[in-house]
Each structure stands twice: as C-alpha cells, then as structure tokens.
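Reading through the structure tokens given below for one structure.
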Amino acid sequence: MEFLETSEGQLYIGVAVGLIAVSAAAYFLFSSKKPKVCLDPEKFKEFKLVKRTQLSHNVAKFKFALPTATSVLGLPIGQHISCRGKDSLGEEVIKPYTPTTLDSDVGYFELVIKMYPQGRMSHHFREMCEGDYLAVKGPKGRFKYQPGQVRAFGMLAGGSGITPMFQVTRAILENPNDKTKVHLIYANVTYEDILLKEQLDSLATNYSDRFKIYYVLNQPPEVWNEGVGFVSKEMIQTHCPAPAADIQILRCGPPPMNKAMAAHLEALGYAPEMQFQF
Ligand SMILES: Cc1cc2nc3c(=O)[nH]c(=O)nc-3n(C[C@H](O)[C@H](O)[C@H](O)COP(=O)(O)OP(=O)(O)OC[C@H]3O[C@@H](n4cnc5c(N)ncnc54)[C@H](O)[C@@H]3O)c2cc1C
Ligand SMILES: *[C@@H]1O[C@H](CO)[C@@H](O)[C@H](O)[C@H]1NC(C)=O
Ligand SMILES: CC(=O)N[C@H]1CO[C@H](CO)[C@@H](O)[C@@H]1O
C-alpha cells in the first residue's frame with residue numbers, strides 16, 4: 001500500500017507503536033503501584049484459610065488468600081487488624097492481631113497465633129481448618145511510620161507481642177533506603193515460647209549492622225548466655241538506645257509486662273514522647 005511505503009507513513013506508525021508501548025508501560029507501572037487493597041475499616045470481610053502450619057504445641061501460622069494473586073491487604077506498617085470469631089460458648093469475640101507479612105507480600109497474608117487453653121479467640125483459631133473463612137476488619141492503630149522518622153528504635157516485646165515488632169523490623173530492614181537501627185529485647189517464659197525465632201535470627205544475621213536481639217527467659221534452658229528473669233532496667237540500659245529526641249522505645253507485651261516496662265523507662269529518663277505502646 002502506498003501509505004505504508006511513504007517515510008511519513010512509517011513515522012506515523014512508529015509514533016503510534018511508541019505511544020501504545022508507553023501507555024502499556026504506564027498502565028503496568030500504575031497498576032503495579034496501585035494494586036487492589038482488600039481491607040475495609042468499616043466492615044468485616046471474609047478471607048479463606050489456605051494453609052495452617054503448627055509451629056509448636058500451642059502456636060500455629062495461618063495463611064489466608066487475598067481475592068486475587070496480585071491483591072494486597074493494605075495495612076500500614078505497625079498497624080493491626082480486628083479478627084472476629086466465636087468462643088467455645090458460641091459467643092462473638094473480636095481481637096486485634098498483627099500479620100507477620102507486609103504489603104510487599106502480594107496475594108496473601110499470614111498470622112502467627114498463640115492459642116491459650118482458656119482463650120476465647122484462641123478457641124476460634126484452634127477450630128479453624130483449611131478452607132474456612134475468617135472475618136477481618138481494618139486497618140487499626142495509632143502507630144505511624146516513615147523511614148528516617150527516628151535514628152533508632154528500642155523494642156520491648158513479650159510473648160505474642162513480638163508480631164508488631166517483627167512487622168516493623170522487617171519493613172525497616174527490607175527497605176535499602178532506610179538506615180534506622182533496631183534494638184529488640186524479647187521476653188518469654190521458656191525457650192519453646194519464643195515466637196518467630198528462626199526468622200528473627202535470620203534477620204539479625206543478614207542485617208547485623210542494623211538489627212540486634214537480646215532474648216530474656218524466665219525459665220532458661222541449661223545452656224543459655226542471654227537474659228534471665230524479667231526484663232530489668234539494666235537490660236534496657238545495656239541493649240536499647242539511650243534517651244534522646246531521635247529515638248523511640250516501642251512496647252508490646254502482656255499488661256503486667258507493659259506496666260513494668262513503662263516504669264523502667266520513666267526511671268531511666270525516657271520522656272513520654274520517646275515511648276509508644278502497641
Ligand atoms: C496490637 C496487638 C497485636 C496482637 N497481635 C497478635 C498476634 O499477632 N498473635 C497473637 O497470638 N496474639 C496477638 N495479640 C494478642 C491477641 O489480641 C489476644 O489478646 C490473644 O490472642 C488472646 O486472646 P483470647 O481471646 O484467646 O484470650 P482471652 O480470652 O482474652 O484470655 C484468656 C486467658 O488467656 C491468657 N492470656 C491471654 N492473653 C495472654 C497473653 N498475652 N499472655 C499471657 N496469657 C494470656 C490469660 O490467662 C487469660 O486469662 C495482639 C494484641 C495486640 C494488642
Ligand atoms: C537472609 O539471607 C539469606 C541468603 O541471602 C536468604 O536466603 C534469607 O531468606 C534471608 N533471610 C531474611 C529473613 O531476610
Ligand atoms: C506468651 C508468653 O509466653 N508470654 C510470656 C513471655 O515472657 C514474658 C516475660 O517473661 C511474659 O510476661 C509473657 O507472659
């Protein structure tokens with residue numbers, strides 16, 4: 001055809017092909033930057049349990065599918081979700097949980113749950129089987145994080161209070177532009193109670209210049225060279241950043257531990273704005 005043979009025609013076709021390529025690239029970039037967010041702060045949505053992995057006698061990891069393989073949960077760093085279930089009497093119960101996954105993990109999210117014998121929501125999780133649905137609402141929480149917000153975080157975690165710390169730590173370490181340092185003190189009763197130990201140790205090895213962990217056990221095993229007893233003022237002094245305007249200490253543990261930690265921090269001279277409790 002005459003049209004195609006003119007150099008002007010070739011130019012037009014070239015421009016047209018170029019435009020299509022550019023808009024396809026833009027569409028791809030746009031859609032991959034703005035994936036579908038699944039959480040709704042106003043209403044509960046159901047997510048399917050696709051895998052349940054027992055981690056110890058009373059701890060399991062629950063993997064939930066999002067509606068599509070490219071969906072993201074849509075949870076800001078350090079915030080949590082509300083999960084709804086039924087206790088052993090069939091009564092509705094709603095409790096907060098922090099996924100151990102980030103929005104960079106597309107298509108699914110995971111919860112690591114410690115199930116207490118008498119726990120109401122624990123009962124619901126104990127009964128959940130692969131294929132069941134969990135009602136979830138969110139995001140919830142006052143914690144806000146921007147890279148560079150502080151020079152260093154100290155973290156005081158007890159038991160399942162590790163999950164928000166783990167999530168914040170992962171987000172910091174996996175961002176190559178974030179230079180924030182993280183000093184974690186993690187308290188538990190026994191060695192077997194330590195949640196996410198393998199993942200935590202792996203992060204500490206891979207990012208040894210930015211992330212340090214000090215484990216504290218009430219009932220340590222025979223060979224143990226980290227902390228023993230409850231978290232003390234001296235442990236905080238040794239293993240956390242000293243009071244300063246550009247640091248923050250995060251707390252998340254059972255209520256008695258949080259109370260004790262708040263008293264330690266005050267005695268050590270940490271101002272209220274240097275502290276946050278999940
Ligand atoms: C922000 C936030 C995030 C959380 N994220 C997680 C998470 O990712 N994974 C997780 O497993 N939990 C998490 N929790 C704790 C969770 O919300 C529930 O409190 C927990 O699952 C117990 O609920 P339950 O209804 O089974 O127990 P309940 O019915 O409230 O308690 C029954 C009994 O269980 C025991 N018990 C309950 N909680 C504790 C505890 N913390 N330490 C020691 N004994 C306890 C007590 O003896 C209590 O009498 C989080 C809490 C908060 C505030
Ligand atoms: C640590 O690095 C190893 C080797 O590169 C990698 O396989 C592993 O997934 C990393 N772990 C974490 C928690 O980043
Ligand atoms: C779930 C659990 O075992 N939590 C315990 C971990 O250790 C801290 C500190 O000793 C206790 O306060 C928690 O109850």
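Just the heavy atoms: all of them, side chains too, but no hydrogens, waters or symmetry mates, feed the values below. In each ligand, atom 1 is the first atom listed, and ligand 1 is the first ligand listed.
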- Side-chain donor-acceptor pair under 3.5 Å between Y145 and T180, yes or no?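 Looking only at side-chain atoms, T180 and Y145 do form a donor-acceptor pair, the distance falling under 3.5 Å.
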- Any donor-acceptor N or O pair under 3.5 Å, side chains Y215, N225: no
Relative to [atom], which among [options] owns the nearest non-hydrogen atom?
atom                    : options               : answer
atom 4 (C) of ligand 1  : P117, P96, G119, C83  : P96
atom 9 (N) of ligand 1  : T98, V112, I113, N258 : V112
atom 28 (P) of ligand 1 : K95, Q118, M121, H80  : K95

- Query: Is atom NZ of K181 surrounded by more than 12 heavy atoms (other residues, nucleotides or ligands) closer than 6.0 Å?
  - Reply: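 No, the 6.0 Å shell around NZ holds no more than 12 heavy atoms from other groups.
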- Heavy-atom pair of closest approach, residues Y116 and S160: OH-OG, 3.8 Å
- Might you point out which heavy atoms bring C83 and Y97 nearest each other, and give the distance in Å? SG-CD1, 3.7 Å
- Task: Find all atoms of ligand 1 within a distance of less than 4.0 Å from any non-hydrogen atom belonging to R120, and give their numbers and elements.
- Result: 24 (P), 25 (O), 26 (O), 27 (O), 28 (P), 29 (O)
- K114 neighbourhood, listing ligand 1 atoms whose heavy-atom distance to it stays under 4.0 Å: 11 (O)
- Is the shortest side-chain N to carboxylate O distance from R170 to D105 below 4.0 Å? yes
- Are any of the side-chain nitrogens in D132 or K48 under 4.0 Å away from the carboxylate oxygens of its partner?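 Result for this pair is no, no salt bridge flagged.
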- Minimum side-chain heavy-atom gap L217-I194 below 4.5 Å: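 Of all side-chain heavy-atom pairs linking I194 with L217, at least one is under 4.5 Å.
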- Task: Classify the contact between Y116 and ligand 1 as side chain, backbone, both or neither, using a heavy-atom distance cut-off of under 4.0 Å.
- Result: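 The part of Y116 near ligand 1 is the side chain, not the backbone.
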- Message: Can you work out which protein residues put a heavy atom within less than 4.0 Å of ligand 2?
- Response: S202, L203, N206
- Query: What do you reckon, are the aromatic ring centroids of Y186 and Y214 less than 6.0 Å apart?
  - Reply: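 Ring centres of Y214 and Y186 not closer than 6.0 Å.
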